[in-house]
Amino acid sequence: MAIKGFKQEANQIIIHTDDHVCSTKQELLHSDIFLRVIEQYIDRLQDCHAPLLKALPFDVTTREGRALLLGTLRSLCDFPLEQLADSLPQGGKVLDHGTRKALDEFVADLYNFWRSFDRFLVLHGEPGPSSLDQRPYRAFNATAETLTHLVRSAYRDVRENITSDHPRVYRQVAAGCNVALIAVPRENKLPERYCEAVGSVPFIRQVWITPPMIVDPPMNKREGQFQQVSRNPVDGLKLPKREWLCYPAVVGPLVIFIYFHQKFIGLGTALANLFELASDEQIAQGPDALYLYGLPSDTLADFGELPTVFFDDEENGLLVGAVPGEDKFGYFGYLKKMTLTLHNIVMMKRGRMPYHGAMVHILLKSGHETNILLIGDTATGKSETLEAFRVLGGNNIRELRIIADDMGSLEITPDGQVLAYGTEIGAFIRLDDLQQGYAFGQIDRAIIMSPQRVNARVILPITTIDEVLKGYPVDFILYANNYEDVDETHPIAGRLQSLDSALEVFRDGAAMAKGTTSATGLVHSYFANIFGPPQYKDLHEDLATRTFEAAIKAGVWIGQLRTRLGIAGYQTRGPEEAAKTLLSITSEGQLEETPERTCAGAG
């Protein structure tokens, strides 16, 4: 097997290679990887005192026995057991039904043991016209596809040569790798101090995934906030190029270089469903921000117990985020939210107000269209309401374009319009909050996180970068209120009558926590967005005031939408009723002018 490196990180196997992996089944069965996997599998059988060991014709507790078993499996790839019997110490006894059954069970379980790992293939190329990234389909076909075919063929040939029978059902499972990446060095306009730290790390240029990709990282929730620090985390660093990869992400109008350690390769490659991969031209121009995910703990130890930090390098016009490589930070939310924090800060510096919310463009069969921005904290019902809207609207909806699922920015144009932009091409959604069966309908392109745990998530591509960057005039700005019940003075959707009352509600950012972070109960966060605005509050206050003033002058409808997602018994009904109200908005173009109580956070 022509590999440059092989690394096991917990339940992840990472293979580094150049232009091919292996070309024959025997080359596969003689590889170091096969030897390592079979040794681990036998060790596991010994640890649990599996009865299968006693039924095998070899004493695998000894080095000689293991070598004999390994040689027999290699021979069984080409010859039936009957032809090998005379050359084995047990002779014809290996042809007994019980022995055949034990060998067959061993091979079947070994195959499943291999497939129980998350398996990644990194194809390293060099820049130039013949580089792997210039012929990605051919490169993936010669490596990832070939490996899948060889593993499956070797498995089937060995079992058929043991049992002297053919399967009745063939399952074309992902037998090779789950993910393959083409990684190539790229020149860019990084300042010198950053080139020394990260300059040797290759950039991911193409991603190959066999869906559904299921990842079970160490954690299933995020804790704390991202703190600004006075020391640049890159100082003194030099990232090993064989242990790190860079995903150059297009985040709204920005390019952020996201560097991740191979320990978090499953989370890092899942970015492909969330952020557009930057082009060579965008990489060459250099980044607007850098994010280092998975640094050695000692490099960030002086930043406290939760060193999820960022540094504002004003001299070089760069933001730098950093998170340690400890298991407690092994959750996709740390990747996503730090990236969006960096985006939000840059946008504020460029005169746009960032928002934490979902933005959609809706066109009905009647021809009426509207653009709705739902602002709210995590798990306040934004995505759930829009998903219910899609289902309830049915054939009445001609088009529903998602502009932003989680974060974006608002810009005031010279003529006074307020335009909304997004950041992501995908959505990171709680499985429990989707309409029943929806995730399974999208399983052919889904990346699923920790499906057996609380806060199980799915990452789905939902829009295009063109839609994210187009800029849509906002018609409605609604605060997603998940904690207040509905009554005569608290309608499902109620208008906030003045600039002060609107700013009061959005500043308070009240929400009922649902367990997606470590917070519990009724919580408050400035503009429902802890990702940048609180750290640059003075700058954000000015932007928010000017943006809301412009929105009111432009006739934008500003109010609250009570999703009631945080109230027991309303997890489905609340977003559905909120969706019906949204459907009324898009059908009629207006809402009843129901006055809102303006005491923010009261309930």
Side-chain angles (χ1 to χ4, degrees), residues 355 357-376 380-405 408 410 417-418 420 433-436 438 462-463 472-498 501-502 505-506 511 528 548 551-552 554-567 569-598 603:
Y355 63 80
M359 168 78 184
V360 291
H361 168 76
I362 299 164
L363 174 62
L364 297 185
K365 280 189 173 180
S366 64
H368 183 76
E369 57 183 309
T370 191
N371 302 312
I372 299 174
L373 173 58
L374 270 174
I375 290 178
T380 52
K382 305 183 297 291
S383 297
E384 296 81 2
T385 298
L386 294 177
E387 173 58 17
F389 179 93
R390 182 188 64 82
V391 174
L392 291 170
N395 294 330
N396 291 321
I397 300 175
R398 184 186 300 177
E399 186 175 61
L400 192 156
R401 295 184 185 180
I402 296 177
I403 313 306
D405 177 74
L410 296 173
Q417 275 193 316
V418 177
D433 294 332
L434 285 172
Q435 289 289 323
Q436 189 173 10
Y438 177 74
I462 56 171
T463 191
Y472 282 84
V474 181
D475 298 309
F476 293 87
I477 299 177
L478 301 171
Y479 182 78
N481 180 328
N482 76 336
Y483 64 95
E484 282 185 333
D485 210 342
V486 172
D487 56 32
E488 291 182 0
T489 59
H490 298 81
I492 290 178
R495 191 166 195 170
L496 295 162
Q497 300 294 319
S498 66
S501 63
V505 168
F506 284 83
F548 274 69
I552 290 172
V556 177
W557 203 101
I558 302 175
Q560 296 196 72
L561 183 70
R562 291 180 171 82
T563 68
R564 293 176 284 177
L565 191 68
I567 301 176
Y570 284 92
Q571 286 82 356
T572 300
R573 180 182 164 191
E576 284 182 351
E577 293 186 359
K580 290 177 182 177
T581 301
L582 283 182
L583 195 57
S584 174
I585 295 175
T586 57
S587 299
E588 302 170 12
Q590 61 181 1
L591 282 172
E592 294 180 5
E593 297 297 313
T594 307
E596 270 286 323
R597 183 174 63 185
T598 58

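These numbers come from the heavy atoms of this one structure, side chains and all, not from hydrogens, waters or symmetry mates.
- The CD1 atom of Ile375 sits 12.0 Å away from the CD atom of Gln560 when rounded to the nearest 0.5 Å.
- For Ala579, the side-chain contact (heavy atoms from CB on, under 4.5 Å) partners two or more places apart in sequence, or in a different chain, are Thr385, Ala388, Phe389, Leu392.
- Residues Thr380 and Asn481 form no side-chain contact, since every pair of their non-hydrogen atoms from C-beta on lies 4.5 Å or further apart.
- For Ala420, the side-chain contact (heavy atoms from CB on, under 4.5 Å) partners at least two apart in sequence or on another chain are Tyr355, Met359, Leu410, Val474.
- Legend: salt bridge (Lys or Arg N to Asp or Glu O under 4.0 Å) pairs involving residues 391-400, not counting sequence neighbours, sorted by first then second residue: Glu399-Arg401.
- Residues satisfying the side-chain hydrogen bond (donor to acceptor under 3.5 Å, both in side chains) criterion with Gln417, sequence neighbours excluded, are absent altogether.
- Looking at heavy atoms from C-beta onward, Leu386 lies out of side-chain contact with Ile402 at the 4.5 angstrom threshold.
- The side-chain contact (heavy atoms from CB on, under 4.5 Å) check on Ala502 picks up Leu496, Phe548, Ile558, with sequence neighbours excluded.
- When the side-chain hydrogen bond (donor to acceptor under 3.5 Å, both in side chains) test is applied to Thr370, the partners found at least two apart in sequence or on another chain are Asp475.
- Contacts of Asp487 classified as side-chain hydrogen bond (donor to acceptor under 3.5 Å, both in side chains), with partners at least two apart in sequence or in another chain: Thr489, His490.
- Legend: residues meeting side-chain contact (heavy atoms from CB on, under 4.5 Å) with Ile567, ordered by chain and number and at least two apart, are Asp485, Arg564, Tyr570.
- Contact check on Arg390 versus Glu387 returns a salt bridge, with a Lys/Arg side-chain nitrogen under 4.0 Å from an Asp/Glu carboxylate oxygen.
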